Amino acid sequence: MPELPEVETVRRGLQQVLCGRGIIEVDVRSARTIRRQAEGSTGLVAGVLGATVAGVHRRGKYLWWALDGTPSRVLTAHLGMSGHFRHGDPADAWTPHERIRFTLDKGSRLSFVDQRTFGWVLAEDAESGVPDSVSHVALDPFDAAFDRRSVARALGSRRTEVKRALLDQTMVSGIGNIYADEALWRARIHPRRATLGLAVSTGVRLLSSAEEVMREAIVAGGTSFDPLYVNVNGESGWFARDLAAYGRAGEPCRRCGRRIARERFMGRSSYLCPRCQRLA
DNA sequence: CGTTCATCCTGAGAGC
DNA sequence: TGCTCTCAGGATGAAC
């Protein structure tokens, strides 16, 4: 569910709530949520109990808390399709999809809530400055080292379709189904257009569109269709009202008035304007 | 090597 | 009402 703008919204909330806080208790109620952790809850507890959070970082859709100011020890999290963090009171009753509780010093609580359990958390090392579980993930467009031209060149040498490449987190990270469709609509590119031989200028235009739409979405606090996506205070973002393509099947294109089409693609949906986004 | 697809989950809503 | 089917913001491993 959450893509880069939603994860960034969560990161900002966590930064406010967690910075300088000590972790004094960890309670795991879902083995699946810590499926990537060696030794399960024992490993998680050993990794984070007693630590203080120094900062919260993000690459693409992956988040990590730096612990004790040392970059080598972190708690990494991926929200999957339905995960979120909620800040609250330790005395509150557990909610149905609450998977893990971190009790913090100074009387607060942070919960990982995840209906579909595709999300996970993992205490691990980050010797390189990036957690081991994130090392295979490409830079996202907001990283200072992100280079649009080199990614555009890489796009042009792949044998696939443009939307598949945008969703491949080892090319450029942070883009999911919503923002891929929005970026393609802005750049007037058909999702199934071949990547092979794509002009660098076209790739740059597409990546610029992706960065632009995600930047605007961050300002709006992300896209929320339902209560599954909320920030750490339980609030929704309002970018859904600014979407031009995603979820707008049958509604007029905001540029040309033609009805937005919905197509099956990669086992999910693509929304596009058949007039603005030509395949040829 | 690069590319594609089924699969992991839970719940909401549509249609019968 | 209750059943079945489809759909949902993602990533991964296994197969080609």
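Bear in mind the structure is a predicted one, so any value in this text is a computation, not a measurement. Letters A, B, ... mirror the listed sequences (proteins, then strands); counts begin at 1. Keep in mind that the numbers below use all heavy atoms, side chains included, and drop hydrogens, waters and symmetry copies.
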Inset, instruction - Taking the side chain as every heavy atom from C-beta outward, state whether A/Leu139 and A/Arg59 have any pair of such atoms under 4.5 Å apart. - result: yes
Legend entry - Euclidean distance for P, C/dT6 against B/dA6 (whole angstrom): 14 Å
Legend entry - C/dA11 phosphate, OP1 or OP2, under 4.0 Å from A/His78 side-chain N/O: yes
Legend entry - Distance in angstrom units between A/Asp226 CG and B/dA12 C1', rounded: 9 Å
Inset, instruction - May I have the distance from A/Asn177 (atom CG) to C/dC7 (atom P), rounded to whole angstrom? - result: 13 Å
Inset, instruction - Indicate yes or no: at least one non-hydrogen side-chain atom of A/Ile23 is less than 4.5 angstrom from one of A/Leu104. - result: yes
Inset, instruction - Report the C-alpha distance between A/Val7 and A/Tyr62 in whole Å, list the side-chain angles of each, state the deciding distance to 0.1 Å, and finish with yes or no for side-chain contact (heavy atoms from CB on, under 4.5 Å). - result: CA-CA 8 Å; A/Val7 179; A/Tyr62 293 74; over 6 Å; no
Inset, instruction - Let me know the distance between CG of A/Leu79 and C1' of C/dA11, rounded to the nearest Å. - result: 13 Å
Inset, instruction - Compare the aromatic ring of A/Phe118 with the six-membered base ring of C/dA11 and state whether they stack according to the 5.5 Å and 30° rule. - result: no
Inset, instruction - On DNA chain C, check which nucleotide each of A/Arg116 and A/His136 is closest to and give me the residue with the more 5' one. - result: A/Arg116
Legend entry - A/Arg268 side chain near C/dG10 phosphate (N/O to OP1/OP2, under 4.0 Å): yes
Legend entry - Side-chain heavy-atom pair A/Val162, A/Leu155 within 4.5 angstrom cut-off: no
Legend entry - Student check: side-chain heavy atoms of A/Leu272 and A/Leu184 closer than 4.5 Å: no
Inset, instruction - Find the partner of B/dC9: check Watson-Crick (N1-N3 plus N6-O4 or O6-N4) and G-U wobble (N1-O2, O6-N3) distances, both under 3.5 Å, and reply none if neither fits. - result: none
Inset, instruction - Tell me what A/Arg264 touches on the nucleic acid: a base, only sugar-phosphate, or nothing, going by heavy atoms under 4.0 Å. - result: sugar-phosphate
Inset, instruction - On DNA chain B, check which nucleotide each of A/Pro96 and A/Arg32 is closest to and give me the residue with the more 5' one. - result: A/Arg32
Inset, instruction - Mind checking A/Phe225 for me? I need base, sugar-phosphate or nothing, with any heavy atom below 4.0 Å counting as a touch. - result: base
Any N/O pairs under 3.5 Å between the protein and nucleotides 3-7 of chain B? List them or say none.
residue: B/dT3; atom: OP1; partner: A/Arg159; partner atom: N; Å: 2.6
residue: B/dT3; atom: OP2; partner: A/Arg158; partner atom: NE; Å: 2.8
residue: B/dT3; atom: OP2; partner: A/Arg158; partner atom: NH2; Å: 3.1
residue: B/dT4; atom: OP2; partner: A/Thr160; partner atom: OG1; Å: 2.8
residue: B/dC5; atom: OP2; partner: A/Arg164; partner atom: NH2; Å: 3.4

Inset, instruction - Classify the nucleic acid contact of A/Phe239 as base, sugar-phosphate or nothing, counting any heavy atom under 4.0 Å across all strands shown. - result: nothing
Legend entry - Flag if over 12 foreign heavy atoms under 6.0 Å of CZ, A/Arg32: yes
Legend entry - 4.5 Å side-chain heavy-atom contact, A/Arg158 and A/Asp168: yes
Legend entry - Atom pair distance, as rounded to whole Å: CE in A/Met81 and C1' in C/dT6: 13 Å
Legend entry - For atom CG of A/Leu228 and atom C1' of B/dG11, their distance in whole Å: 9 Å
Legend entry - Interatomic distance, A/Asp114 CG vs B/dG11 P [rounded to whole Å]: 11 Å
Inset, instruction - Report the nucleotide, chosen from B/dG11, C/dA8, C/dG10, that has the shortest atom-to-atom distance to any side-chain atom of A/Glu3. - result: C/dG10
Inset, instruction - Tell me what A/Arg35 touches on the nucleic acid: a base, only sugar-phosphate, or nothing, going by heavy atoms under 4.0 Å. - result: nothing
Inset, instruction - May I ask you to verify if any side-chain N or O of A/Gln169 is less than 4.0 angstrom from the OP1 or OP2 atom of C/dG10? - result: no
Inset, instruction - Compare all side-chain heavy atoms of A/Asp181 with those of A/Lys163 and state whether any distance is below 4.5 angstrom. - result: yes
Inset, instruction - State whether A/Ser269 places a side-chain N or O below 4.0 Å from either non-bridging phosphate oxygen (OP1 or OP2) of C/dA8. - result: yes
Legend entry - Nearest-angstrom distance, P atom, B/dC9 to C/dA14: 16 Å
Legend entry - Value in whole Å for how far the C1' atom of B/dC9 lies from CZ of A/Phe112: 13 Å
Inset, instruction - Using atom CD1 of A/Ile175 as one end and atom P of C/dA11 as the other, report the distance to the nearest whole Å. - result: 11 Å
